[in-house]
Amino acid sequence: MKKPEQRAGKELYQHYRAMSCARLWQEEVPRYAKATERERLDQVSLLRALGVVFAESGTEEEKRDLRAWLRDLLQDPQEKVRRYAMNALPKLGAGTEEEVALLSVLKKSDNSREKTYLSRSLDKIGGQATLDLIERDGVLGRHTEQKVRAALARGESATRLRLEVPLEFSSSERLRIHLRCRKGLEIILREEWEERLGEERFRVLDLQPGLLALTPLRAFTLGDLYTLRCHASAGFVLGSVPQEAGVEELAGVVVSPLSQKLFHTFTEGPIRYRFSYIRGEPARGLVQSVVDQAFAWAPGLLNDARQAPWALEVYPRPKGWSLELRPRWSRDPRLHYRVQDVPAASHPPLAAAMARLAGACHGASVWDPFCGSGLELIECALRGGVSRLIGTDLSGEAIEAARSNLVAAGLAGLNYALHVADFRDVVSQGYLGPATLDVVISNPPWGGGFASWGCAIFTRTC
Ligand SMILES: C[S@@+](CC[C@H](N)C(=O)[O-])C[C@H]1O[C@@H](n2cnc3c(N)ncnc32)[C@H](O)[C@@H]1O
């Protein structure tokens, strides 16, 4: 077997990568600490492997000890050793101590490659100290500045999407809203629009499989769009660019007056958005260049892939690209009631569409034989007209989830009964009497004898 010093970098990395945290820490780290300068250089792959292995399987304590050891290595006289140490740190949950250590290397370094690697690590772990240095000395560049500002904004204040603030616009501004749903539901969504929003407030521009396009005719709120329950998302079309559009054209749409107006009207707190392509592969590095350019033009808009409240999405069009801005809810405001879940739960807009199809009739009794977490029952009740809900499910956990969700939906006052039962036993168990039902609605289990039933069943007798 070859000794570490006889193996090439990649092979050596694989060798260390296969070891456990304990073996790396107890045998390899002490060996490396005692090694000569030449040996440290030859075995620098150990630092890369340490970052990966400890990130995957190290305990918090092990990671903390390793971070302290890597911080010391940031003082190594050899640039390559320092570079490998700084690269491993962000994987290990690095924080303020590591940030301070990296900044002190930055202050001393006059090596441009080392500075590039320092900024990559600070992109990931930089905080207020990094931002102060950027503002004072103009170091590290706009890319790192945007990353650090976004991380600080993420940590310091919860951004809220404002459902209640109206967006005012002049008659010359033409706004296009895309409500997206599962293909096939668009007709139901259109009916819902007609009933809840209507032609006086929004006009339909287009109806395609999976899409209802609207234009507002007067001021509206985000909340108005979320009175509709059958769409999965609501997006604002910001503009389109030709197929061959470059960085500046794309960034121009990201920071356009319309985009800024939407961001500022509907956001409380720092504005963060995630930029991504929906189908279609962007050229390598394009996304990064676009968001960096957008930040240079509009520093109040921060690109942030993590927990951003807005998604800025690029859709392919026959002759180019269309950019859309869409709220990304940590919790969809229409689903405040969904406090518990089951693995096979229905897609909520589908449950809402089924409830619409089932129709409303005054004083109806509704049964869901396979109620799971209760989405169909709740959507029926929220639609109105229901006087009694009955849910059965074989799973006690599902019935518990349905009960919690029903209460959270404010339906506790309704006459409802939830039973852990096989749906075939409802009559023999006395849960249902003859002629006591108006609507049967369900998303039955897939597989077994139910597969042929399709995805949804309903029966109405009223
Ligand atoms: C597709 S899930 C329903 C999901 C539900 N609509 C929701 O949104 O949570 C189907 C449910 O049928 C239940 N189930 C399967 N066989 C059953 C049976 N014979 N009688 C009653 N429930 C049954 C499963 O436990 C599962 O919760």
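Counting convention: from 1, in listed order, for ligands and their atoms alike. Below, all heavy atoms of this structure are taken into account, side chains as well, without hydrogens, waters or symmetry copies.
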For ligand 1, is [X] a contact, meaning one of its heavy atoms is under 4.0 Å away?
X: Pro444; value: yes
X: Ala402; value: no
X: Ala351; value: no

[atom2] on [Y] to [atom1] on [X], rounded to 0.5 Å:
X: His347; Y: Leu185; atom1: NE2; atom2: CG; result: 7.5 Å
X: Phe236; Y: Phe266; atom1: CZ; atom2: CZ; result: 4.5 Å
X: Cys230; Y: Leu350; atom1: SG; atom2: CG; result: 9.0 Å
X: Glu194; Y: Leu228; atom1: CD; atom2: CG; result: 11.5 Å

Examine the proximity of ligand 1 to [X] and report which part, side chain or backbone, both or neither, has a heavy atom under 4.0 Å away.
X: Ala421; value: backbone
X: Ala401; value: neither
X: Cys371; value: backbone

Which of the numbered atoms in ligand 1 are below 4.0 angstrom from a heavy atom of [X]?
X: Glu376; value: 5 (C), 6 (N), 8 (O)
X: Arg424; value: 19 (N)
X: Phe423; value: 18 (C), 19 (N), 20 (N), 21 (C)
X: Pro369; value: 21 (C), 22 (N)
X: Val342; value: 9 (O)
X: Gly372; value: 5 (C), 9 (O), 27 (O)

Practice item. Give a yes-or-no answer on whether the side chains of Glu99 and Thr130 include a donor-acceptor pair shorter than 3.5 Å. Key: yes
Looking only at N/O atoms, are [X] and ligand 1 under 3.5 Å apart anywhere?
X: Ser373; answer: yes
X: Pro445; answer: no
X: Phe370; answer: no
X: Asp393; answer: yes
X: Asp368; answer: no
X: Ser346; answer: yes

Point to revise | Verdict with supporting geometry, Tyr431 and Trp367, ring pair (Phe, Tyr, Trp, His ring centres under 6.0 Å) | key: CA-CA 10 Å; Tyr431 301 145; Trp367 175 38; over 10 Å; no
Practice item. List in chain and number order the residues that pass ring pair (Phe, Tyr, Trp, His ring centres under 6.0 Å) with Tyr416, two or more places apart in sequence or in another chain; answer none if no residue qualifies. Key: none
Point to revise | Arg326 NZ/CZ over Tyr315 ring centroid, <6.0 Å and within 45° of normal | key: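 Ring-cation test returns no.
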Exercise for review: Would you check, one step at a time, whether the test side chain to side chain contact (heavy atoms under 4.5 Å, CB included) holds for Arg176 with Asp206?
Suggested key: CA-CA 10 Å; Arg176 187 180 171 101; Asp206 196 7; 3.8 Å; yes
Review point. Can you list every ring pair (Phe, Tyr, Trp, His ring centres under 6.0 Å) pair that touches residues 169-214, not counting sequence neighbours?
Key: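 Qualifying pairs, neighbours excluded: Phe202-Phe220.
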**Study point:** Salt-bridge present (Arg229, Glu192; N to O < 4.0 Å)
**Key:**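 So Arg229 does not pair with Glu192 through a salt bridge.
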